[in-house]
J.: 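What follows is a structure written as structure tokens; I'll ask about it next.
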Amino acid sequence: MKKLEKKDILIGAAVVFLIAAAMSLRYFGRYTSYNATITLGILRSAIYILLMVAWGLSIRFRIIHAQTKRYLLSISGLIIFWLIIRTVKYHFVTGATAQRYLWYLYYLPMLFIPLMAVFVALSLGKSENFRLPGLTKLLYIPSALLFFSVITNDLHQFVFSFPEGSVFSDENCSYAAGYYTIAVWVALCSACALVIMILKCRLPKSRVFLWLPIVPLSLMLIYGYLYTMKSYWFWLIFGDITVSVSLLTVAVFESCIGCGLIQSNTGYESLFSVSEIKAQITDESFKLRFSSALARSFSKETLKNASTAPLRLDSGTLLKSSKLRKGYVFWQEDISELTKVISELELTQEELRDTGDILKAESEQKARWLQITEKNRLYDLVEKETASQVALLRSLLLELKGTDDRKTAQRLLGKIVAVGTYIKRKSNLVFVENQKKSVSVGELRLCLNETAANLKLCNADCRAVLSLENPLCAQNANFIYDLFEAVIEKSLDSLNSLLIFVGEDADLISINICASCKENLFCLKESFPALFVQRDDDGLIYLSAKCRKDGDDR
């Protein structure tokens, strides 16, 4: 059994134990003195509140989808609020007015938990960037109005009515029209969430049905039926509807997480184990922690030797390593092609003993030398064009290596991906320029779109629009991409969104960029003298430039 499974079993056992303990406290509280009953009731509430707080914290660290995480945390907070005000009402407050308003506050979680459940259900199975349509926000209005009618019930008695001359309390009230309206709204939201979850349990384009979330949903329906039947034995064991509904609600969403309907930040060990790379991860004492399926097993002595320098395992394999923060990663590199080339060169050297073969070999070597020289020239040119980005990338990697903060590490990784994408695509432009002297619109679009897509890792929304028909001269393509990268590098720390539009008019190409950021981009005029920069009242920065299609000037 995997370590992760053992950990889950221990957590589940602890949760079951705490729930059983809380239920026992409720049972024994009926047969003790008044003071002991209050003490046991407070302790029981503390157990449930502790469980809900722990669940909320786990949601914060496990759930990937930002929107789903926000709604699940809202449900957790509403459940905790419900448990707290119920505890205060029954164990700390004696005044009729205070108890009544605490009772009214019950309807805040009762109205909004089903609504949050609908929002979570709508988000199930969606991509990380999915956001609910704006019209769904209108669903807050009925819940808010109904809660307002409850909290102001003393003025109109639209929800609960009380006999004249009696003390207003939940013990001598009768239900009015507003109560049944609330019941219908809560039932409608719960039914919608239930139907949507059941529909989402069927995998797209498949007959496979995910049954795990159906179990707690079914238990919730059974519980509602038995509770309305007012069976004594059922009320004796499960009569606390607040706790029962809360626990079943948590069980529904945990089952959705367990079967993958809600994306969670787990499963990396399994992903690594089934990957096709031949790699292993050890601790600092070279004890194996994780291994891919294709990786070979090695002794600690072998791993220790490979940690200092690449170790040759056989004629076609090298064992390399890299230091991690708390261990090492080892991977096997296939050098069979390189070994084959070396063997071929050795054979060629023996065969080139005759004069004719030597002359032929010299001619081939000269041609290869010319190719190598040209490649070196291109590589030098790429290195020159991307020198500042390479330096920036090194500084970001050093900063990443030195940080232990997760958010800082995520931010640095986003920057590293953005800068690395530019280096990759800039290199392609250099090679294309030397081969064709022009760059197609599709190639430039690939450069801009790949950089724009990777900016999502930095929480920035970026889009590139090209309205061009003919290929660009290499000078103009490099100018457009360099300007785009310069804006990103200057504004990356606070960049929210960025739009670049490239169009053509007669013999001119126009570049227009709109960026939402806090940085001052006017300094870019030093590197791009023909650039026009301005900031509007909303803080948006507009940059524009024009260049001739033949690339003579800008």
Side-chain angles (χ1 to χ4, degrees), residues 11 14-15 18-19 22 41-93 98 101-124 131-132 136-148 150-151 182 185-186 189-190 192-194 196-197 213 216-217 220 240-258 261-265 407:
I11 293 175
V15 171
L18 290 173
I19 294 175
I42 294 173
L43 182 58
R44 182 170 66 92
S45 297
I47 291 175
Y48 288 126
I49 292 172
L50 176 63
L51 286 174
M52 292 303 126
V53 169
W55 183 66
L57 291 175
S58 72
I59 289 297
R60 181 180 179 185
F61 291 107
R62 286 186 297 155
I63 302 305
I64 297 174
H65 197 291
Q67 179 176 258
T68 305
K69 180 193 297 185
R70 183 168 64 253
Y71 292 133
L72 288 175
L73 288 176
S74 299
I75 292 174
S76 173
L78 288 169
I79 292 175
I80 293 170
F81 174 76
W82 195 356
L83 293 171
I84 290 175
I85 60 174
R86 189 198 62 167
T87 304
V88 173
K89 178 180 182 294
Y90 285 107
H91 301 300
F92 293 99
V93 173
Y101 276 97
L102 288 172
W103 170 46
Y104 288 163
L105 286 176
Y106 283 8
Y107 285 83
L108 179 64
M110 289 172 65
L111 284 165
F112 283 92
I113 287 177
L115 181 60
M116 296 298 108
V118 171
F119 292 159
V120 173
L122 291 172
S123 303
L124 293 182
R131 293 295 180 269
L132 291 177
T136 57
K137 306 299 181 183
L138 297 176
L139 295 176
Y140 283 109
I141 297 176
S143 296
L145 292 176
L146 291 173
F147 176 70
F148 181 76
V150 173
I151 207 69
I182 291 173
W185 176 249
V186 171
C189 289
S190 302
C192 287
L194 174 64
I196 294 171
M197 286 184 184
L217 286 171
M220 191 177 294
D240 194 337
I241 188 171
T242 300
V243 170
S244 299
V245 171
S246 300
L247 291 176
L248 287 173
T249 300
V250 172
V252 169
F253 293 117
E254 279 298 313
S255 62
C256 291
I257 295 173
L261 283 174
I262 299 178
Q263 302 174 31
S264 61
N265 194 24
K407 291 184 178 180

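Position 1 is the first residue of the sequence; numbering continues from there.
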J.: To the nearest 0.5 Å, tell me how far Ser74 OG sits from Ile59 CD1.
T.: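 Ser74 atom OG to Ile59 atom CD1 measures 11.5 Å (nearest 0.5 Å).
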
J.: With sequence neighbours excluded, what pairs up with Tyr71 under the side chain to side chain donor-acceptor pair (under 3.5 Å) test?
T.: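 Partners of Tyr71 by the side chain to side chain donor-acceptor pair (under 3.5 Å) criterion, ordered by chain and then number, come out as Lys137.
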
J.: Between Ser76 (side chain only) and Leu72 (backbone N and O only), is there a donor and an acceptor less than 3.5 Å apart?
T.: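 The answer is no, because no donor-acceptor pair under 3.5 Å joins these two groups.
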
J.: Starting at CZ of Phe119, measure out to CG of Leu115 and round the result to the nearest 0.5 Å.
T.: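 Going from CZ on Phe119 over to CG on Leu115, the span is 4.0 Å.
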
J.: Nearest heavy-atom pair of Pro114 and Pro109: which atoms, and what distance?
T.: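 Scanning both residues completely, I find the closest heavy atoms to be CD-O, 3.9 Å.
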
J.: Among residues at least two apart in sequence or on other chains, which ones pass side chain to side chain contact (heavy atoms under 4.5 Å, CB included) with Leu50?
T.: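 Counting only residues at least two positions away or on another chain, Leu50 forms no side chain to side chain contact (heavy atoms under 4.5 Å, CB included).
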
J.: Quick one: do Leu83 and Ile79 satisfy side-chain contact (heavy atoms from CB on, under 4.5 Å)? Show the steps, please.
T.: CA-CA 6 Å; Leu83 293 171; Ile79 292 175; 4.2 Å; yes

J.: So, for Cys189 and Val118, which heavy atoms are closest and what is the spacing to 0.1 Å?
T.: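 The answer is O-CG2, 3.2 Å.
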
J.: Check the pair Ile42, Phe92 against side-chain contact (heavy atoms from CB on, under 4.5 Å), reporting the backbone distance first and the verdict last.
T.: CA-CA 10 Å; Ile42 294 173; Phe92 293 99; 3.6 Å; yes

J.: Roughly how far, to the nearest 0.5 Å, is the CD1 atom of Ile49 from the CZ atom of Arg86?
T.: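 So the CZ of Arg86 and the CD1 of Ile49 are separated by 8.5 Å.
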
J.: What's the separation between atom CG in Leu111 and atom CE in Met116, rounded to the nearest 0.5 Å?
T.: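 Taking CG in Leu111 and CE in Met116, the distance rounds to 11.0 Å.
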
J.: How close do Ala144 and Phe112 get, counting heavy atoms only, and between which atoms?
T.: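 The pair with the smallest heavy-atom distance is N-CZ, 3.9 Å.
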
J.: Which heavy atom in Met110 sits nearest to a heavy atom in Val186, and how many Å separate them?
T.: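 For Met110 versus Val186, the nearest heavy atoms are O-CG2, 3.6 Å.
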
J.: Between Trp82 and Val243, is there a side-chain heavy-atom distance shorter than 4.5 Å?
T.: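 No, too far: nothing below the 4.5 Å cut-off.
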
J.: What's the spacing between Ile151 CD1 and Leu108 CG if we round to 0.5 Å?
T.: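 Going from CD1 on Ile151 over to CG on Leu108, the span is 8.5 Å.
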
J.: Taking C-beta and beyond as the side chain, do Leu57 and Val53 meet within less than 4.5 Å on heavy atoms?
T.: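 Touching, per the 4.5 Å side-chain cut-off.
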
J.: Please confirm whether the backbone N or O of Tyr140 pairs with a side-chain atom of Ser143, one donor and one acceptor, at under 3.5 Å?
T.: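 Here the side-chain-to-backbone pair does not exist.
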
J.: Do Met52 and Tyr48 come within less than 4.5 Å of each other through their side chains, counting heavy atoms only?
T.: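 The answer is no; the side chains never approach within 4.5 Å.
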
J.: Rounded at 0.5 Å granularity, tell me how far SG in Cys192 sits from CG in Leu139.
T.: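 So the SG of Cys192 and the CG of Leu139 are separated by 8.5 Å.
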
